[in-house]
Protein chains: 2
Amino acid sequence: MSPPQDRGRAPSIRDVARLAEVSHQTVSRVLNDHPSIRPETRERVLQAMETLQYRPNRAARTLVTSRSNTIGVLAALSTTYGPATSIAAIEDAAREQGYHVNTANLADTSPAGIADAIEHLMLQAIEGLVVIAPQVRVFEVLAASSIGVPFVSLQSTGRRDHLALSVDQVTGARRATQHLIGLGHREIVHLAGPQDWIEAEARMRGFLEAIDDAELGLHPPILGDWTADFGYYAGSELVRRRDFTAVFAANDEMAIGLMHAFRDAGLDVPGDVSVVGFDDIPVAKHVAPTLTTVYQDFHEIGRRAVALLLNQVHGTERIEVEDIVPRLVVRGSTAPVAVRPASVAR
Amino acid sequence: MSPPQDRGRAPSIRDVARLAEVSHQTVSRVLNDHPSIRPETRERVLQAMETLQYRPNRAARTLVTSRSNTIGVLAALSTTYGPATSIAAIEDAAREQGYHVNTANLADTSPAGIADAIEHLMLQAIEGLVVIAPQVRVFEVLAASSIGVPFVSLQSTGRRDHLALSVDQVTGARRATQHLIGLGHREIVHLAGPQDWIEAEARMRGFLEAIDDAELGLHPPILGDWTADFGYYAGSELVRRRDFTAVFAANDEMAIGLMHAFRDAGLDVPGDVSVVGFDDIPVAKHVAPTLTTVYQDFHEIGRRAVALLLNQVHGTERIEVEDIVPRLVVRGSTAPVAVRPASVAR
DNA sequence: GATCCGGATGTGCACGTTCACATCGCTGTC
DNA sequence: GACAGCGATGTGAACGTGCACATCCGGATC
């Protein structure tokens with residue numbers, strides 16, 4: 001005598017209703033925590049659900065309510081620590097609110113690749129979109145394709161067509177640079193990220209502001225690609241000139257590659273050159289020398305992004321957006337500038 | 001004279017049909033690439049879709065076909081390089097097949113946390129599940145909750161109730177250990193991962209096999225938690241004993257923390273102690289000293305997982321599962337054992 | 001020239017849920 | 001004691017799509 005619901009199809013709200021001897025609507029009410037249900041009835045319905053191993057069908061619910069309970073994440077470089085951490089935090093926060101997360105990675109940063117990823121997400125009927133590690137182009141495509149759902153970016157973009165978390169990358173970068181200046185460095189090079197990345201641009205801006213404030217001469221920044229390999233390459237080029245005493249790298253990976261190149265060239269960090277990174281990835285405090293960097297709370301950033309987005313989706317009251325200011329963490333890769341004949345005066 | 005479809009509701013297949021002067025079924029056929037449609041009719045329908053900015057409603061489609069075109073990913077430690085890379089690869093591969101990816105992270109590895117994440121994914125009506133960086137417990141919970149969809153694990157679990165990629169961690173770990181033995185090391189310590197992790201257990205097994213084969217004495221392995229911080233802690237403890245000449249760490253992060261501790265204690269790597277890691281994260285080749293490690297192609301692993309899973313989902317012919325064998329990468333953190341009075345003999 | 005066949009298209013229903021509205025019985029009020 | 005009001009429940013329709021089946025038309029077959 002096997003249970004009768006073995007007919008291939010999953011049990012529906014109506015099967016539950018039949019077993020509990022109520023109408024399908026009553027079952028629906030139990031599901032949605034409707035107030036006016038007699039406790040006794042509710043209990044009977046829950047019992048029936050348990051017996052039948054009932055699971056609500058989200059497709060059906062989405063169809064009728066046109067709410068998918070899903071948010072999309074558009075991510076670039078999702079394999080690196082920062083974005084990956086934020087994605088995980090987003091997933092956590094979304095789950096807490098009963099939301100699902102659908103991720104699309106930007107393998108390819110061409111407009112076509114971007115449009116493709118967005119199109120993919122839109123097929124899923126997402127209610128909102130979080131854009132991670134964004135590039136300027138992404139927002140242009142996004143604006144052009146009028147997706148019809150609110151979206152949040154993890155970095156201030158300056159655009160007015162969407163919400164953005166204010167992570168004050170400019171201040172973070174400025175503090176990093178000021179730290180070097182405070183140690184007496186006057187010849188500082190910036191190893192930047194790709195300039196179509198919003199955060200790369202912001203970090204460069206912070207650097208330039210600090211240099212400008214201190215009235216120092218400007219070395220042309222080097223445009224990198226965020227990778228440790230590029231850091232190494234850039235370092236190899238830099239050692240040929242040796243017209244600097246410190247480098248501010250736009251992220252930790254590049255900083256680590258950079259230090260490797262300096263080491264290979266016989267330069268001591270921080271004895272000969274000071275290096276500052278950005279992000280404070282977990283290994284930053286363990287590499288040799290330990291890396292002075294700027295800490296970002298990626299987890300908190302992810303959480304806030306979801307809060308902001310869902311707030312917007314549900315259209316309730318405006319949430320206050322507080323600035324997140326990254327924090328300088330001083331470690332062993334920076335030191336006062338070496339006193340040398342040529343660099344003492346002025 | 002604004003377009004007439006501004007009535008709030010998104011255009012449906014029927015709106016398109018009306019505009020193209022065909023039946024809704026014809027539109028459906030165009031959508032699904034049905035063969036018997038006159039090119040002229042198809043064109044007219046496509047035109048109408050374009051005009052109305054029509055987008056198929058996935059919820060409706062899922063409801064009627066009971067295929068969600070979505071796979072789930074259950075991930076632990078998704079913020080680290082390996083899992084994050086595999087997740088990105090999974091997303092890519094799935095997207096190529098028109099599939100969406102829904103991720104749930106295991107913040108908390110308690111059975112309740114695991115069950116919660118699985119339940120969350122099941123609500124989404126996924127067609128299959130990829131389990132990343134799995135712990136033994138996950139599969140127990142998974143087996144117990146009889147989710148009714150195929151799932152694939154990224155590591156061989158030895159269980160028979162699901163598919164698994166064969167990434168031969170055991171061989172990888174054995175090669176790492178043999179490399180140390182080949183350099184003359186006889187006192188080798190293993191800094192392992194948590195033993196409820198399948199890959200940690202496999203790496204430990206490879207280590208033990210190599211030690212056993214070489215008939216060396218066994219140092220009790222240290223059980224870590226994968227983090228660089230723990231590596232540092234373990235290293236600080238180890239330097240008090242100094243009864244070893246090499247350490248094989250179960251992943252690169254711990255290896256980096258370890259080297260930091262040795263450095264702080266005045267030990268030279270590889271002069272006094274050799275260190276091997278596992279994974280070959282991008283910074284491994286840039287830290288000081290550059291880290292000898294075992295390379296894993298996380299991207300390929302992710303791709304194969306999707307291929308295997310979708311193959312299972314569609315029930316076509318069995319796919320051949322080829323072993324992926326990780327590759328030893330020798331760098332600067334390992335060297336022949338130092339010749340010292342006590343260790344020359346034997 | 002009647003018949004059959006297959007290509008091209010249309011008709012109605014089903015999927016599982018929620019929404020709007022209807023119904024029923026009980027309580028309290030004047 | 002009639003009636004409003006409300007709590008508890010039921011009824012039917014709708015959401016947008018795909019499937020099974022029906023229909024229509026033109027050409028090939030004998």
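Each chain gets a letter, A, B and so on, in the order the sequences are listed, and its residues count up from 1.
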Point to revise | Phosphate OP1/OP2 of D:dG10 contacted by A:S23 side-chain N/O (<4.0 Å) | key: yes
Practice item. Please round to the nearest 0.5 Å and tell me the distance separating atom OG1 of A:T65 and atom CZ of A:R61. Key: 7.5 Å
Check your understanding: For A:H120, which residues count as a ring pair (Phe, Tyr, Trp, His ring centres under 6.0 Å) partner, sequence neighbours excluded?
Key -> B:H100
Review point. Just one of A:E127, A:Q124, A:R58 clears the side-chain hydrogen bond (donor to acceptor under 3.5 Å, both in side chains) bar with A:T70, so which one?
Key: A:R58
Review point. Only one of B:T103, B:N105, B:D116 forms a side-chain hydrogen bond (donor to acceptor under 3.5 Å, both in side chains) with A:R95, so which one is it?
Key: B:D116
Review point. With respect to the phosphate group of C:dA8, does any side-chain polar atom (N or O) of B:T41 fall under 4.0 Å of OP1 or OP2?
Key: no
Practice item. Identify whether any heavy atom of A:S36 sits under 4.0 Å from a base atom; if not, whether one sits that close to sugar-phosphate; answer base, sugar-phosphate or nothing. Key: base
**Study point:** Under-3.5 Å donor-acceptor pair between B:R55 side chain and D:dG16 base
**Key:** no
Check your understanding: Considering only side-chain heavy atoms of B:I37, which listed nucleotide, C:dT9, D:dT17, C:dT17, is closest?
Key -> C:dT9
Review point. Distance check: side-chain N/O of B:R61 vs OP1/OP2 of D:dG18, anything under 4.0 Å?
Key: yes
Check your understanding: Given D:dT17, D:dG18, D:dT11, which nucleotide is nearest the side-chain atoms of B:N32?
Key -> D:dG18
Check your understanding: Atom CZ of B:R67 to atom C1' of D:dT17: distance rounded to whole Å?
Key -> 14 Å
Point to revise | Interatomic distance, B:R18 CZ vs D:dG16 P [rounded to whole Å] | key: 11 Å
Point to revise | Side chain of A:V22 - closest among D:dG10, C:dT17, C:dG16 | key: D:dG10
Practice item. Nearest whole angstrom, please: distance from the P of C:dT17 to the CG of B:L123. Key: 12 Å
Point to revise | Rounded interatomic separation in angstrom, taking CZ from A:R29 and P from D:dT11 | key: 11 Å
Exercise for review: Would you kindly check whether a donor in the side chain of B:R58 faces an acceptor in the base of D:dG16, or vice versa, at under 3.5 angstrom?
Suggested key: no
Practice item. Would you kindly check whether a donor in the side chain of B:R14 faces an acceptor in the base of D:dT17, or vice versa, at under 3.5 angstrom? Key: yes
Practice item. Report yes if at least one side-chain N or O of B:S28 is closer than 4.0 Å to OP1 or OP2 of D:dG18; otherwise report no. Key: yes
Exercise for review: Round to a whole Å and report the spacing from CD of B:Q25 to P of D:dC24.
Suggested key: 17 Å
Review point. Tell me: CD1 of B:I13 to C1' of D:dT17, nearest whole Å?
Key: 6 Å
Review point. Does a side-chain N or O from B:S66 land closer than 4.0 Å to OP1 or OP2 of C:dC15, or not?
Key: no
Point to revise | Nearest heavy atoms of A:G302 and A:I90, plus distance in Å | key: O-CG1, 3.6 Å
Point to revise | Distance in angstrom units between A:H24 NE2 and D:dT9 P, rounded | key: 15 Å
Review point. Between A:V64 and B:V27, which has a closest nucleotide on DNA chain D that is more 5'?
Key: A:V64
Practice item. Rounded to the nearest angstrom, tell me the gap between atom CG in A:D33 and atom P in C:dT18. Key: 12 Å
Practice item. Indicate, with a heavy-atom threshold strictly under 4.0 Å, whether A:S12 touches base, sugar-phosphate, or nothing. Key: sugar-phosphate
Exercise for review: Using a 4.0 Å heavy-atom cut-off across all strands, classify B:T62 as base, sugar-phosphate, or nothing.
Suggested key: nothing
Check your understanding: Is the closest side-chain heavy-atom distance between A:T79 and B:F298 below 4.5 Å?
Key -> no
